[in-house]
Amino acid sequence: MELLAFYIAGAVAVISTVLMLTRLNVVHALLYLIVSLLGVAVVFFVLGAPFVAALEVIIYAGAIMVLFVFAVMMLNLGKHAVDMERQWLTPGIWIGPAVLAGILLFEVVYLARGNAAGLDTGMVPPVEVGVALFGPYLIGVELASMLLLAGLVGAYHLGFRKIEKTEIRHDADTHEGRADTSGDLVLAGADQPARTT
Amino acid sequence: MLNAAGLAFVVAGARWHQADGQVVFLFILAIAAAEVAVGLGLVLQIYHRFRSLDVDALSEMRG
């Protein structure tokens, strides 16, 4: 029975990934990407790695997707962004991700009610993962911490809003050259005056 | 892609009953988080500089 659950979760992950790649709007693609990550998390759970499954849900589907959604929301601060969001979130668009996520939810509830032993591969408990992580892989933890620090400093440096002389020229270029494609995703926020603080 | 690599590591770790696959998955998770942070910083910088996310608008150098 766990084998069937494994195949169903894998199929849900693959289908939602394909649907994510073929969407045209960013928000639709993000919805399907969240469902895809949840499907991979269920696959991890079935495989006997509940710690990794929880981390997948928390960090990927929680933190990273919230970061994406924040970026998408920050980049669409236009007057007709509201119209675009109303156009994106039509009442029919959530049915596909909701059905796929419902399949995953049913599967997790079924597995949690029964014996959640996973496949015949056996379960690797989180204690072993922690012991291995801070035992022979301690240098890897240090390297990961340095990588995260470098990522933090780099993201701060890139996100720092610099004052550029050439910014005005590019603003004029993009305004005049692309003013006819209103309603496009590209031009969200072009109706605002150029921010040259 | 990183997620697929992590899935392969976890499957291999489950196959041989070792915790190493999940440990490597944690490292992959850290790498993905750092990469997403830097990538979104780049996207924000592009938007602030060009007021657009069109790739065709980025076709000039020394921008």
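Residue numbering restarts at 1 for every chain, and letters A, B, ... go by the order of the sequence lines. Just so you know, these numbers use all the heavy atoms, side chains as well, and skip hydrogens, waters and symmetry mates. The model shown is predicted, which means the values in this text are computed figures rather than measured ones.
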- Query: So which part of B:Leu26 gets closer than 4.5 Å to some heavy atom of chain A, the side chain, the backbone, both or neither?
  - Reply: side chain
- Note on the structure: So, the part of A:Val40 with a heavy atom under 4.5 Å from chain B: the answer is side chain
- Sequence-distant partners of A:Tyr156, side-chain contact (heavy atoms from CB on, under 4.5 Å), two or more places apart: A:Phe160
- Is it the backbone or the side chain of B:Leu40 that comes under 4.5 Å from a heavy atom of chain A, or both, or neither? side chain
- A:Ile59 versus chain B, the contacting section by heavy-atom distance below 4.5 Å: side chain
- Item | same_hphob_cluster(A:Tyr7, A:Val43) at 4.5 Å side-chain heavy-atom cutoff | yes
- Query: Going hydrophobic residue to hydrophobic residue with side-chain gaps under 4.5 angstrom, can you get from A:Phe106 over to A:Leu38?
  - Reply: no
- Under a 4.5 Å heavy-atom criterion, the part of residues 140-148 of chain A in contact with chain B comprises A:Gly140, A:Val141, A:Ala144, A:Leu147, A:Leu148
- hydrophobic_cluster_shared for A:Val18 and A:Ile8, side chain cutoff 4.5 Å: no
- Query: Between A:Ile58 and A:Ile34, is there a shared hydrophobic cluster once you connect ILVMFWY residues whose side-chain heavy atoms come closer than 4.5 Å?
  - Reply: yes
- B:Phe25 side, atom CZ; A:Phe44 side, atom CZ - distance, nearest 0.5 Å: 4.0 Å
- If you group Ile, Leu, Val, Met, Phe, Trp and Tyr by side-chain heavy-atom gaps below 4.5 Å, do A:Leu149 and B:Ile31 land in one group? no
